[in-house]
Every structure is written in structure tokens, then in C-alpha cells.
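Before any comments, here is the structure.
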Amino acid sequence: MNSFIFNLLNANTMLLSILWRLLLFSLFIAALTLILKKYRWLKLYGLVFLIALGGLYFASRPPEAPCPNTISLDAAADLSGSEIAAKLFEAQLEWQQAKRPLASGKITAYQIEKVTPVESTPGVYSVVYSIQSNDDAYKAGNGHIAEDGWIYNKSLYVRVVQNEDGYKLEVIGTGL
């Protein structure tokens, strides 16, 4: 996998994405229908409805910037492999946190518990972290679901690959 994305596209999220777009489109048509009606109060309701719909659409769009998964050689010069993995993983958690309020995969808080190398596989690290999110996509998988949307002790295996530009983080999965 070339980039790290918490909310991996699977059949369920693809279906939800299609249903969300269909809902927005049908609400847009309903708003336009109200605006085109003869009565002034229906036009006003249609306009308010259209503005609210535009706000929902904006709040659900993904961020403009791509998810960061690389670090330059200069920035990683004095870091160990675990520190590089932690820095790259934290950049991706910050990207998830910076998403718009209704965007898929948004987290509201995070904490990296530990990053340890996997002894049997060089360049592979185990990351244990906790996140807070209202997105149901994070409920599946490992970790302990607690109060206020927190999921503690989630774990993931990542690989740090060095290339000519620097280091890149690749997700392996939740188990080796």
C-alpha cells in the first residue's frame, strides 16, 4: 500500500460513499424544486435548504492535502528507526485530525503509546496507539472501546522503507 489511510476502502465504505452522494443529490433536487415553486415562502425554505446542503457537502469533503507518508533524509538524520516510524505515524494521525468535521475517517484526538521494532523482520514496527473518533469505521478491528469515543490500545504493523528521497511509511496491517 503506497499511502497510509485509516479508513481503508472496502465494500461497506464504498456503498456508504455512494449512498451519501445519492442523498446529497436528491436533497439538492428537492431544494431546487422548492425554489422554483410559485409561493415565496417555499422559495425561502428551498434557499435555506440549499445553503444547509452546501454546508453539509463542504463539511464532508476530504482534505485538500494528501496524507503524508514520507520524511526527508535530512529530517531523519539523527533519528532511530522507531523514531522515524513514530514521526511518520504521528503526521498521518495529525492529517486524520485535520479533516473536516463530517469527513470519513476524522479523528478528534490521538495518542501514540509505543512504537517498537519487530525483531524477526527488519524495517517493520509495531505501533500501539489510542484515538478518539465518532466515525464508526474505527470501531471495527482491535483496541478497547471506552467512553467518549476513545478506542485504546489499537495496534498496527508498519514498514519504514528508505529510498533516494528519504523514508516512507507503508501499512502492513494489524497482524503479521
Side-chain angles (χ1 to χ4, degrees), residues 1-24 27 51-72 75-76 79-118 121 123-161 166-176:
M1 181 182 298
N2 292 338
S3 66
F4 181 85
I5 300 175
F6 279 111
N7 190 10
L8 299 173
L9 291 177
N10 58 31
N12 292 336
T13 56
M14 289 281 285
L15 180 61
L16 287 175
S17 174
I18 291 168
L19 290 175
W20 175 247
R21 287 186 178 130
L22 285 172
L23 175 67
L24 286 177
L27 291 175
I51 290 169
L53 185 62
L56 275 175
Y57 176 72
F58 177 76
S60 67
R61 296 204 46 197
E64 300 288 325
C67 184
N69 68 340
T70 60
I71 188 172
S72 69
L79 301 176
S80 69
S82 294
E83 292 171 330
I84 293 170
K87 189 170 184 131
L88 287 168
F89 194 77
E90 183 171 13
Q92 293 171 353
L93 289 173
E94 287 174 0
W95 182 81
Q96 293 287 339
Q97 192 174 14
K99 285 183 170 184
R100 293 187 177 118
L102 298 178
S104 177
K106 168 131 177 95
I107 63 173
T108 53
Y110 68 89
Q111 182 172 346
I112 298 175
E113 308 296 336
K114 64 181 176 178
V115 178
T116 55
V118 175
T121 313
V124 175
Y125 300 89
S126 170
V127 180
V128 178
Y129 61 102
S130 299
I131 59 168
Q132 184 181 32
S133 178
N134 294 325
D135 192 340
D136 287 339
Y138 293 111
K139 304 274 190 246
N142 56 25
H144 171 71
I145 298 173
E147 297 290 320
D148 298 328
W150 275 98
I151 304 173
Y152 292 105
N153 297 322
K154 288 184 72 63
S155 63
L156 192 64
Y157 289 102
V158 297
R159 176 180 293 126
V160 176
V161 179
Y167 295 94
K168 181 177 182 177
L169 190 70
E170 296 176 347
V171 174
I172 296 175
T174 57
L176 285 178

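Note that this is a predicted model, so its numbers are computed, not measured.
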Please evaluate residues Tyr167 and Leu79 with respect to the criterion side chain to side chain contact (heavy atoms under 4.5 Å, CB included), reporting the C-alpha separation (whole Å), side-chain torsions for both, the decisive distance (0.1 Å), and the verdict. CA-CA 11 Å; Tyr167 295 94; Leu79 301 176; over 6 Å; no
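Looking at Thr70, its side chain never comes within 3.5 Å of a backbone N or O of Lys168 through a donor-acceptor pair.
Nearest heavy atoms, Thr108 versus Gln97: O-NE2, 2.8 Å. Here the shortest heavy-atom pairing between Leu88 and Asn69 reads CD2-C, 3.8 Å. Ile107 approaches Leu93 most closely through the heavy-atom pair CD1-O, 3.5 Å. The shortest non-hydrogen separation linking Val115 to Tyr125 is CG1-CB, 4.0 Å. Contact between Ile151 and Asn142 at its shortest, heavy atoms only, is CG2-O, 4.2 Å.
Using modelled atom types, one finds no donor on one side chain facing an acceptor on the other under 3.5 Å when comparing Tyr152 with Gln111.
Remark: Gln92 CD to Tyr129 OH distance equals 10.5 Å, nearest 0.5 Å. In this structure, Glu90 CD and Ile112 CD1 are separated by 5.0 Å, a value rounded to the nearest 0.5 Å.
Using a 4.5 Å heavy-atom threshold, the side chains of Leu169 and Val160 count as touching.
Considering Lys154, Glu113, His144 in turn, Glu113 is the only one that fulfils the side chain to side chain donor-acceptor pair (under 3.5 Å) rule with Ser130.
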